Undergrad: 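What follows is a single structure, and I will ask about it in a moment.
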Amino acid sequence: MKNKRFKEKIEKYLKRQFGVTIDSASKRQVYEALMSTIREDLSEKKFAYEQELKKTRQKRAYYMSMEFLVGRTLRNNLFNLDLEKDVREYFDDNGISLDEIYDIEPDPGLGNGGLGRLASCYLDALTSSDYPVTGFSILYEYGIFKQVINNGWQQEFPDYWLDLGKYGLVYRNDEEVEVRFYGRVEEKLTEDGFKVEHKDYTSIQAEPYDLLISGYKTGTVNTLRLWEAKAKTGFNMKLFERGEYSKSSEAEAIASSISKLLYPADSTNEGKELRIKQQYFFISASIQQLLKNHYNEFGTLENLFEHVALHINDTHPAMGVPELMRLLLDEYGYSWDKAWDITTKTFAYTNHTIMAEALEKWSVELFKPLLPRIYSIIEEINKRFCQWVIDQGKDYTLAETAIIYDNQIRMANLSIVGSHNVNGVSKLHSDILVDSTFRAFHELYPTKFGNVTNGIAHRRWLGQANPELAEYLEDLIGDDFVKDLSKINKLNKYAKDKKVVEKLQEIKKVKKEQLAKYIQETTGITVNPDSIFDVQVKRLHEYKRQLLNALHIVYLYRKIKYNGLRPVPRTFIFAAKASSGYQMAKNIIKFIHSISQLIESDELVRDYIKVVFLPDYKVTLAEKIIPAADISEQISQAGKEASGTGNMKLMLNGALTLGTLDGANVEIHEAVGDDNIFIFGLETPEVDELNRHGYKPWEYYNSSARIKDTLDFIRTMTVGGMNFSFIVDYLLTQDSYMCLADFESYVAAQELVAKTYQDKEKWGQMSLINTANAGIFSADRSVEEYAKDIWNIKKVK
Ligand code: 8GP
């Protein structure tokens, strides 16, 4: 191995910890040694970077998010440290497969979907671009559930990741803080005026664990700080000795519930209360800790916003606003006006969805006893805000803009009022925010709103997930696109070069073969790598319309079986988790499995189409599927998908988008032009119009033979004893996302896909053009916009 120092460290670790040499160590031992060595290396770099930051006193950003879907770290770190090849060779020489070592690492499920993965893509990109940033979240003991499919139904199992995941974490016991719940608020008149005291509270200890974030070929190392909740008093020995065993650990039980699980079910009041606790817990710990550091350094908080940018990633961290106010008022003695000025200059908020159910609201009844001081501050913010609105002569907006309304605290409203900047995540989404979702707010604060179109960590999604393609591109156009993805547009000039197009197609085939092997191993289904790999991978949600995709498959099934259709072979690949309490989403998973079963049992049809549902979708699985895709299904109802980021990952890997003009599809369309994308369906204004006039699904049923035949067939469809007429009833009476309105145009687009695929060369060119024009979707570009336009932070090397 060229890097002698690194090799020695690994060998020393093995010797010291296990008394073994590299050629006799077990895989598990090698994994631990490698994880620990990298962690140590990053810690050293982190130390040096911190010194530099202290010297320059530059402003830093703090990204607060309930979710960070970090993905596996080993390969990413080796890639960034430029050690991958070297370590691979060294391991090969000792009979160890680096890929098998990678497979030992758990994929921490500290997030659910796009919002969480985006947070991690941004930490990666910010670090690679030398921006000082810290992520804040919770050290969930169990991340998002492990999905197992049993007879077509989703089942959820706990996913304990810390046993093998802990080697990446650094415990910082020097930075613990206390977080307080319950109790009561007392106001006292003192010499300095009114003082507020929080009494009889319950204390929870927040203990920090740091995951160090490496950047690509740079000395910059940032931190994702994950808080674990611990009982302040711990185990009560007196109670235990009195025989009160369960009571003796009550405090511990309350604490451990806080960092136990990501998104505990919130259908009950207890569940809601737990979510509020989680949110406040990590926000309070984070802000307390950073204020302490700031105060130690500067002796004042007056200049906080000159050195600190706090980011609210969706509404979950919205309590940061009243928490910062509380600390400034109660702990540091600032006046209300001064505190409010500092707070609003410090916070910025990103909205990630316009779905009503995701704009969080908490009932006052539930919230107030749990966080009495925070509640009283929100009340005061609301009072002053409403008065200001009235003074502006805009009291007609209050039903929409008040923070507390109808006994509910509206967290999006709190985020907007408390921030100096609010942004959406694609052009279309940001327009919808100002034109409709937050229209009244836009009237009040016309300059507060903006857009930052999402981006992806291309070094992970191309460089690491698809090294075959990345290496070929490096040979062809040079490697500067690794650092700066806009340079990938040099590929455009090869669009007409047959050899290049063929080579790209060979690589796609290799990735498809790899995925076919994985499909065979995990589902037992044999798929044809020459078929079109048609991929829809994302959270399962009605608005994303996995059901529309399924309807088209049933349509094809009927045509093949009864109408002599002999289509271009296709493999429909799905992967998706349904939130555990979301029955319709679970029904759709069952429906997809039943279609798959129906096809597999039919000798004729299965030669043409296959349906594969890959269980337990997560970052690691996405890295396998995305490079193998030919078609990227982005078929949400127009106006509903804030941006999408899977669409960008798929495009970069040469898949062609089949989509509605929704979210960032609009910008993908702009980037590749009409000829290199398949667009179908109603556009946002048409959807709105249809909503105004009333969507009448029966009219589509009665006027389209394709729809009628497909739905009638589903009514009679019984697979494994289960009948699916409830799907038809749903489509005809309940479907707010209007699958039937887009069905005809979706089928037409699918026919065009099949036709185009037969012209190999044309398809190859289109695919090349997609890869070549994905440059603007790099997270490097997005974070540059956040850094410049929102946070006002500079690079520190
Ligand atoms: C997602 C949006 O659905 C997606 O369009 C967007 O690309 C992504 O955020 C990143 O901006 N939203 C979520 O993942 C989300 O709202 N999750 C809720 C469960 C918290």
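Order of appearance sets the numbers: ligands from 1, and atoms from 1 within every ligand. Each residue takes its place number in the sequence, starting with 1. A quick note: this is a predicted structure, and the numbers were derived from the prediction, not measured.
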Undergrad: K146 versus Q155: any side-chain heavy-atom pair under 4.5 Å?
TA: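 They are not in side-chain contact.
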Undergrad: Consider only side-chain N and O atoms of Q637 and D662, and report whether a donor and an acceptor are under 3.5 Å apart.
TA: no
Undergrad: Could I get the full list of ring pair (Phe, Tyr, Trp, His ring centres under 6.0 Å) partners for F157, not counting sequence neighbours?
TA: none
Undergrad: Closer than 4.0 angstrom, basic N to acidic O: yes or no for D484 and R781?
TA: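 Between R781 and D484 there is no salt bridge, as every charged N stays at least 4.0 Å from the carboxylate O atoms.
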Undergrad: What does the 4.0 Å heavy-atom contact list look like for ligand 1?
TA: E67, N112, G114, L115, L118, Y263, H316, H352, T353, V425, N454, R539, Y543, E641, A642, S643, G644, T645
Undergrad: With a 4.0 Å cut-off, would you call E270 and R275 a salt bridge?
TA: no
Undergrad: Which class fits the ring pair Y543 and H541: parallel under 30°, tilted 30 to 60°, perpendicular over 60°?
TA: tilted
